[in-house]
Amino acid sequence: MICNNCGKIIPDDSVYCPQCGAPVGKVSREKPEPADAVAGKLQTGRIFGIISLACSILGLGSFGTLDIVAIICGYLGLKQLKEVPDDHPDKHFAETLNRAGILCSTAFILLILAAVVIALVAAPWIFALIGQFFAGIFAAL
């Protein structure tokens, strides 16, 4: 191993350089991932984040179906971004996109569920009328 401070050769198990006394940091023996692979994973994570956020916004009118797609895309985007180094400048923005899509979709699903529960408790006659309406339609067919 080579000392980062003085450039002398030192034993691999050294904690301090015997020549200059500088602390020796851990040397990574893993090969760094190629830059194009990191850029591809970052781009994929960013695209999943955009899809997740768009589906969560469009999911307002879909009663939760697009929100489930948004949560899945957000999860897949975060999974891709785990392999991008933490010091990459665009990683935080891509993670924020994915997390925003997941959080918004989860909130919308919970709001829809709360509205259905409130409607069932407060006004069950509405659902009875809707049931009678559809029963009349199916009886006519």
Side-chain angles (χ1 to χ4, degrees), residues 1-138 140-141:
M1 182 164 62
I2 298 175
C3 175
N4 292 332
N5 190 39
C6 67
K8 304 282 184 179
I9 296 176
I10 57 175
D12 287 340
D13 59 345
S14 297
V15 178
Y16 295 97
C17 175
Q19 304 295 322
C20 66
V24 178
K26 298 279 184 192
V27 178
S28 175
R29 300 211 189 277
E30 297 177 12
K31 292 181 182 177
E33 205 164 344
D36 56 342
V38 170
K41 290 179 186 197
L42 180 69
Q43 184 66 20
T44 304
R46 194 179 302 132
I47 289 171
F48 273 125
I50 291 169
I51 292 170
S52 175
L53 198 56
C55 286
S56 76
I57 292 169
L58 294 173
L60 284 171
S62 69
F63 296 105
T65 53
L66 279 179
D67 290 322
I68 301 221
V69 171
I71 291 171
I72 292 170
C73 286
Y75 169 76
L76 292 174
L78 288 175
K79 190 174 177 182
Q80 284 289 317
L81 292 170
K82 279 187 179 180
E83 299 178 25
V84 176
D86 289 335
D87 60 346
H88 197 284
D90 293 333
K91 182 178 180 179
H92 180 69
F93 177 71
E95 285 179 334
T96 303
L97 281 174
N98 286 290
R99 288 185 180 127
I102 291 170
L103 289 174
C104 288
S105 295
T106 304
F108 292 149
I109 288 173
L110 291 175
L111 284 173
I112 290 169
L113 289 175
V116 168
V117 168
I118 289 170
L120 282 172
V121 171
W125 56 271
I126 293 174
F127 289 98
L129 286 177
I130 293 171
Q132 289 174 356
F133 173 75
F134 282 112
I137 289 176
F138 288 123
L141 295 177

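Quick caveat, the model's predicted, so the values are computed rather than measured.
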Report summary line: d(Ile51 CD1, Ser56 OG) to nearest 0.5 Å is 12.0 Å
Query raised in the report: Mind checking whether Ser52 and Leu97 have side chains closer than 4.5 Å, heavy atoms only?
Result: no
Requested in this report: For atom NE2 of His92, decide whether the heavy atoms of other residues, nucleotides or ligands shown that lie under 6.0 angstrom number more than 12.
Outcome: no
Query - Nearest-0.5 Å distance that lies between atom OG1 in Thr65 and atom CG in Asp67 - result: 7.5 Å
Report task. Report the distance from atom CD1 of Ile130 to atom CH2 of Trp125, rounding to the nearest 0.5 Å. Result -> 9.5 Å
Query raised in the report: Which atom names give the shortest non-hydrogen contact between Leu81 and Glu95, and what distance separates them?
Result: CD1-N, 3.6 Å
Requested in this report: Write down the atom of Cys17, the atom of Ile10, and the distance for their closest heavy-atom approach.
Outcome: SG-CG2, 3.7 Å
Requested in this report: Please round to the nearest 0.5 Å and tell me the distance separating atom OH of Tyr75 and atom CD of Gln80.
Outcome: 11.0 Å
Residues 105-124 side chain polar contacts: donor-acceptor under 3.5 Å, at least two apart:
from: Ser105; atom 1: OG; to: Gly101; atom 2: O; distance (Å): 2.9
from: Thr106; atom 1: OG1; to: Ile102; atom 2: O; distance (Å): 2.7

Query raised in the report: Could you give the distance from NZ (Lys79) to CG (Asn98), rounded to the nearest 0.5 Å?
Result: 13.5 Å
Query raised in the report: Closest approach of Val38 and Pro85, non-hydrogen atoms and distance?
Result: CG1-CD, 3.8 Å
Requested in this report: Can you sort out the partners of Asp86 under side chain to side chain donor-acceptor pair (under 3.5 Å), two or more places apart, ordered by chain and number?
Outcome: Lys91
**Report entry** Ile137, CD1 atom: more than 12 neighbouring heavy atoms under 6.0 Å
**Finding:** yes
Report summary line: Paired with Cys55, the side chain to side chain contact (heavy atoms under 4.5 Å, CB included) test is passed by just one of Ile72, Val69, Ile68, Ile71, namely Val69
Query raised in the report: Where is the tightest heavy-atom contact between Val84 and Lys41, given as atom of each residue plus distance?
Result: CG2-CB, 4.0 Å
